[in-house]
Amino acid sequence: MTAPCTVPFDCKKCLQACPQAVFLVTAVKVERGKETDPKEPGAYRLFAPHRDKCTGCNDCIELCPEDAITINFPPLEA
Amino acid sequence: MCWVCEAYGDPEVENGRWYLNPKNHSRNMYKIKKPDQKAAAYGSDPEAQSGRNIGEIMQFRFTDPDKFNQLIKEANAMKGSGPFQIGQVIPIQEAYKVVEMSYPVASMSCICRIHNRAQEERNEHEYSCTGLGVGMLKWERWPERYKGGVNFMAPDEAKEWLVKWNKKGMVHIIMTFGGSYVGGVCNCDYPDCGMIRNRVDYGIETGCLKSHWVAKIDYDLCTGCGVCVQRCQFGAIKFEVTLDKTNIDQLKCFGCGLCETGCPTNAIELIDRESLPGLREVW
Amino acid sequence: MKEIYEAKNYSYELNPDMLKLLREEFDVDKVTSKFAEAIKGKSAGEIEAEGKAIFEEYGRNWIRQSLKLGEEYPDRTYEVLLEAIDKTGGYLRFALAPQRFLEIAYLSTQEISILPIIENNVNRLVYRMVDCDTYKNLKEKCGEEVANLLPCRHACLTACETLHRDLEIDALVQMEAQIPKDGYCQFAARRA
């Protein structure tokens, strides 16, 4: 999600592990007649459009090789 | 009455079902471009545009939830003229009819699974989506969309292939690609299917309307085995301990027929949604 | 190892040179002028006979040349269509094979950007001409009364029939709507 993640489609660990399927990956560089190379840095981008479904299980954080994911829940009110 | 049928069905053809009306499956192969007209860019198709429209509205969940709810309400009220493509669940029996009448029929990769699970389907053994119509002849323009290509199928092959995905537990959804033009029969799975998810989780109705059918259980034949409970993607079925039988909530049922095709004792049948006064306006 | 797909620089559109050749040879201005010349001072019965003779011949040559050039100038859309026909055992050659040549014929001679296809499936191929240049030309040159007799229908009907016969597809061709009454002409080929 943040800068260190450059090849989300190739890695796909978070995308496939999330029980709530909060992530989405999409090619940001597309050429006519040519398939985007998943290994090309920056050719795909990762989003978390369903983050309202996140339960905070932290599986993605543990799997991410780039430490690119953070989860923020508001603190418990006293 | 189903508003898509009202707008695009022909009462003389197949009970007025819009997706069985041949007119909604027909399109020209070629277009003469004006000299200064450029070829369409990637993502300018109705499917991608619809996806972006949904994405824009979805953003408001985080910034302005009230506005989000208002926009969903408005989009649903606009029906087919709204910003989303139209999709409707159909049982496999009607999917058979679609692959018989539409041409060409091709299997291809599912765009939702690519986006939501980075799941690639690269050959005819993996493809899980059904493309319909002349657009399939031009897939090579955008291999990023049709990863691996498309595999043309004759009707009998297409039916066998639909059975394969039905057995695995996929819901068939007929989708439009611009107006009422039918461009595919998706084989869908919550949560990676955008259409089912948008409907079930966020209330966006247009892309995943309920089918013309609804499941009805015969308690004399039901053994309470629970196969149908596993196959329902809409949370409409549960095991009812009191009766020692399965219970189907017809108000939640989308009429996909997965419970019917999975039932080992043929205890479930699909009945016409509009034959039930309490369901005829539930789409 | 997964392969990254890269297509050749294909063209999916109709070849412009082919369209130009057809446009020059089957100019609707020429054929309507020929008809206007032929009917000068003739009776109603004779007009119908002249129309049938002139437009049937025109229609037949027009579609045969479209078929010939259509094969000589393939495009990627057609190549993939042939692959699809082959892959499905030829079972579904109708309606898309004839549809392609009809689109070539009409797009080359009429000022339209698409040929509206109303139905194209295993049973029926139905298409529509809304803003027809042949009809407009006839109206200008022969007056509305003669134009409304639609002598030009013989061109469209003959073209559609000849096309299916030459492609060895058994089909029954009918005219389902006429411009003077319906605002458009509609032709349907039903597989026999």
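Quick note on labels: first sequence line is chain A, next is B, and so on, each numbered from 1.
Below 30°, between 30° and 60°, or above 60°: for B:Trp139 and B:Tyr146 the angle between ring planes is above 60°, a perpendicular geometry. Note: B:Phe254 and B:Phe234 have parallel aromatic rings, judged against thresholds of 30 and 60 degrees for the angle between ring planes.
The residue among A:Glu31, A:Lys53, A:Gln20 with the most heavy atom pairs within less than 4.5 Å of chain B is A:Lys53. Between chain B and the residues A:Val25, A:Asp10, A:Val22, the largest count of heavy-atom pairs under 4.5 Å involves A:Val25.
Looking at A:Cys11, there are no atoms closer than 4.5 Å to chain B (heavy atoms on both sides), in backbone or side chain. For B:Arg145, no part lies under 4.5 angstrom from a heavy atom of chain A. The contact between B:Arg61 and chain A is made entirely by side chain atoms (from C-beta outward), counting heavy-atom distances below 4.5 Å.
At a cut-off of 3.5 Å, with distance as the only test, a side-chain donor of B:Gln49 or B:Asn53 sits close to an acceptor on the other residue.
The side chain to side chain donor-acceptor pair (under 3.5 Å) check on B:Arg113 picks up B:Glu121, B:Ser128, B:Asp192, with sequence neighbours excluded.
Taking both residues in full, the closest heavy atoms of B:Arg231 and B:Lys167 are given as NH1-O, 3.0 Å, listed atom of the first, atom of the second, then distance.
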